[in-house]
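All remarks here apply to the structure that follows.
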Protein chains: 2
Amino acid sequence: MQSVAYKMQGNILHFLFLAMSLQHALLTSLIEKSSSGYELARRFDKSIAYFWHATHQQIYRELARMEQQEWVTSSIVAGGRAGKRLFEVQPAGREELRRWASEAGEPGELRDEMMLKLRADAAIGPLGLSDEITRRLQLHEIKLRNYREIEASDFSEAKPSRETQIRYLILKAGIAFEEGRITWSQDALATLSRMQ
Amino acid sequence: MQSVAYKMQGNILHFLFLAMSLQHALLTSLIEKSSSGYELARRFDKSIAYFWHATHQQIYRELARMEQQEWVTSSIVAGGRAGKRLFEVQPAGREELRRWASEAGEPGELRDEMMLKLRADAAIGPLGLSDEITRRLQLHEIKLRNYREIEASDFSEAKPSRETQIRYLILKAGIAFEEGRITWSQDALATLSRMQ
DNA sequence: CCACCCATGTAACTAGTTACATGATTTC
DNA sequence: GAAATCATGTAACTAGTTACATGGGTGG
C-alpha cells in the first residue's frame, strides 16, 4: 500500500502503487508456462478461479503495462494464428515477484451479498431469502465436488513434491471455504424455516 | 447483472447496472437508523466490516447518487454541527431494497493474496512465507476473539427475536470464516516447516 | 458454408482507493 | 489555545466490468 515510485505522464505527476496483485498472478502463471493472452485468460479461469476471476480485457491491459515496465516481453508466434503473441517473463519480472511476495498484506475480505440481504431482511421484514440460499448451497456443493475430484486425482501421491504440497494447500483452502459455506447455508435455512 | 434502465448524459446513451451493493448496504443501515454520512461511515466500519469496508468518500458519493434517484432525502440538522445533514430513506428506496433482495446473485469470491504468493513460491522456489502466514494467523485469532465476545454479549438470550436470530447468523458466518482461516494457516505452517 | 473457438483489442463505463482540503465543535 | 473528533467534500487515480468490434482457423 505504499507508493514507491513516481513518473511524469503528460503534465501530471502521479504515483504508482505496488500492492496490485493481478500482475503478480499473471507473472506466476507465465513463469509456469509462457503463453498468449488468450491462453492465460483460459488458464486463469481454471487454476486461479478458486478465489479470483479476471476478464480477458483486464488481462490484456495488465500484460501491456507489464511489457512497458519490461517485466515481460512478447513476440509474434510464427506457426500460430495471425497476431498470436507469446508472453515471456523477464528477470525484472521475477525480481518484482520476489519483492511483492515478501511484502506484508491484508487478509482478504469475505464480501458476500447474502449477508447484506439478511441485514435487509432483519430491517424491513421477511424477504423470502430461503430460495436464494438454497440455490447458493447447491452451487457450493458443486464446487466442493469438483475440488474433491481434483484432490483425489492430483494429490494422492505417497511422497508429493514441494510444489505439489503447496498446490494442495491452496486447494485445501478452497475446500475449507466451500465446506464452511455449506454448513452455514444449512444453518441459515434451518433458522429461517423455524421462524417463518 | 442485467441492465434495466438507460438515460441520456451529454450525447452518450449509456446503461445503468443495478447489481451494485454498497447503495443497498447504506439503505439498510439508514433504515435501521437515519444518520449523517459521517455517522454512517463509522457504523459501516463497525457492523458491516465483518465482510466489507467502504471509505467515507465512497459513502458520500453513493449518498449523492441515491439522493438524485430519490431513494433518500437529506436535511440540514438544526442542533448539530455546521453542515451536518441527516439522510432518510424514502419509499422508493425501500422498494429498491426489496427488488434487489429478490434478485439472484453470485456467491462472493475468496480473493486472498496469500494463495497467489503460495503459487509464486511453488513456481520460483522458497520465498519464506511462514512469517507472513504467522502474522495473518494472529490477525485471524484477534478477529475471532472479538466475534466470540460479541456472541457472548449479544446472542445469549433464551428467546431471541427474529432480528436477533438473523444478526446472529451473520456473525456466525464471520466466526466460521475466521476459524477456517486459522485451521488452514496452522496446516500451512506445518507443511512449510516440514519441507524447509 | 456455418458455427464455434482462437486471438486481439477499443470504448466507456462503475467501483474502490489515496491524497488533499476545509472548517466547526468539543475536550483537556 | 491546542488537539482530537465531527463533518463534508474535490481531484485524480487504479481496478474491474460490460459492450462492441474484428478477423483467422477448424470441424462438421
Side-chain angles (χ1 to χ4, degrees), chain A residues 1-26 35-45 52-67 74 76-77 79-87 106 108-109 111 113, chain B residues 1-26 35-45 52-67 74 76-77 79-87 106 108-109 111 113:
Chain A
M1 298 286 185
Q2 330 82 315
S3 69
V4 292
Y6 61 91
K7 62 170 182 179
M8 295 292 278
Q9 188 184 299
N11 274 328
I12 300 158
L13 245 184
H14 74 119
F15 292 79
L16 288 172
F17 293 87
L18 299 184
M20 232 293 281
S21 291
L22 179 53
Q23 295 190 345
H24 303 100
L26 296 177
S35 325
S36 69
Y38 185 87
E39 285 161 359
L40 209 47
R42 306 296 297 304
R43 274 201 293 138
F44 202 86
D45 257 10
W52 196 322
H53 174 74
T55 60
H56 82 268
Q57 290 84 349
Q58 240 186 304
I59 288 171
Y60 281 119
R61 183 164 62 191
E62 296 310 329
L63 284 171
R65 286 179 186 168
M66 288 197 288
E67 197 168 14
S74 75
I76 293 194
V77 176
R81 287 175 192 241
K84 176 168 176 174
R85 291 158 68 197
L86 187 76
F87 288 88
E106 291 294 298
E109 283 176 336
R111 177 78 62 119
E113 270 193 1
Chain B
M1 298 284 186
Q2 330 81 319
S3 68
V4 292
Y6 61 92
K7 63 171 181 177
M8 295 294 278
Q9 187 184 299
N11 277 328
I12 299 158
L13 246 185
H14 74 120
F15 292 79
L16 287 172
F17 292 87
L18 300 184
M20 232 293 280
S21 290
L22 179 53
Q23 295 189 346
H24 302 100
L26 297 177
S35 325
S36 69
Y38 185 88
E39 285 162 359
L40 210 47
R42 305 297 297 304
R43 274 202 292 138
F44 203 86
D45 257 9
W52 197 322
H53 174 75
T55 59
H56 82 270
Q57 291 83 347
Q58 242 185 305
I59 287 170
Y60 281 119
R61 183 164 62 190
E62 297 308 330
L63 284 171
R65 285 178 187 170
M66 288 196 288
E67 196 168 15
S74 73
I76 292 190
V77 177
R81 284 172 196 245
K84 176 169 176 174
R85 291 156 69 197
L86 186 76
F87 287 88
E106 291 295 298
E109 284 175 334
R111 177 78 63 117
E113 272 193 0

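Per chain, numbering begins at 1; letters A, B, ... match sequence-line order.
Comparing atom distances between the A/Q57 side chain and each of C/dT18, C/dT10, C/dA7 picks out C/dT10 as nearest.
Under the side-chain contact (heavy atoms from CB on, under 4.5 Å) criterion, B/F44 pairs with B/L22, B/A25, B/L26, B/I48, B/W52, B/A54, B/I59, sequence neighbours left out. Partners of B/R43 under the salt bridge (Lys or Arg N to Asp or Glu O under 4.0 Å) rule, at least two apart in sequence or in another chain, do not exist in this structure. Residues passing the side-chain hydrogen bond (donor to acceptor under 3.5 Å, both in side chains) test with B/R65 are B/E62, sequence neighbours excluded. The side-chain hydrogen bond (donor to acceptor under 3.5 Å, both in side chains) check on B/E39 picks up B/K84, with sequence neighbours excluded. Listed by chain and number, the residues in a side-chain hydrogen bond (donor to acceptor under 3.5 Å, both in side chains) with A/R111 are A/E109 (sequence neighbours excluded).
The interatomic distance linking A/F87 (CZ) with C/dT8 (C1') rounds to 9 Å, in whole Å. Rounded to a whole Å, the NZ atom of A/K84 is 13 Å from the P atom of C/dG9. Residue A/Y38 contributes atom OH, which lies 14 Å from atom C1' of D/dG23 at whole-angstrom precision. Across the protein-nucleic acid pair, B/L63 atom CG and D/dG9 atom P stand 9 Å apart, rounded to whole Å.
Both B/R111 and A/H56 lie near DNA chain D, and the one whose nearest nucleotide falls closer to the 5' end is B/R111. Mapping B/R65 and A/Y60 onto DNA chain C via the closest heavy atom, the residue that lands nearer the 5' end is A/Y60. Residues B/L86 and A/H53 both approach DNA chain D. Their nearest nucleotides, taken by heavy-atom distance, put B/L86 toward the 5′ side.
Taking CG of B/L86 as the start and OG of B/S36 as the end, the distance is 7.5 Å to the nearest 0.5 Å. Note: A/R85 CZ to A/E67 CD = 5.0 Å, rounded to the nearest 0.5 Å.
In this structure, A/R85 does not reach the C/dA7 phosphate: none of its side-chain N or O atoms is under 4.0 Å from OP1 or OP2.
When heavy atoms are screened at a 4.0 angstrom cut-off, B/R61 is found touching base atoms of the nucleic acid. Here A/S36 lies in heavy-atom contact (under 4.0 Å) with sugar-phosphate atoms only.
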- [ ] Do nucleotides 22-28 of chain C as a string where each nucleotide becomes B, S or -: B if the base has a protein heavy atom under 4.0 Å, S if just the sugar-phosphate does, - if no protein is that close.
- [x] --BBS--

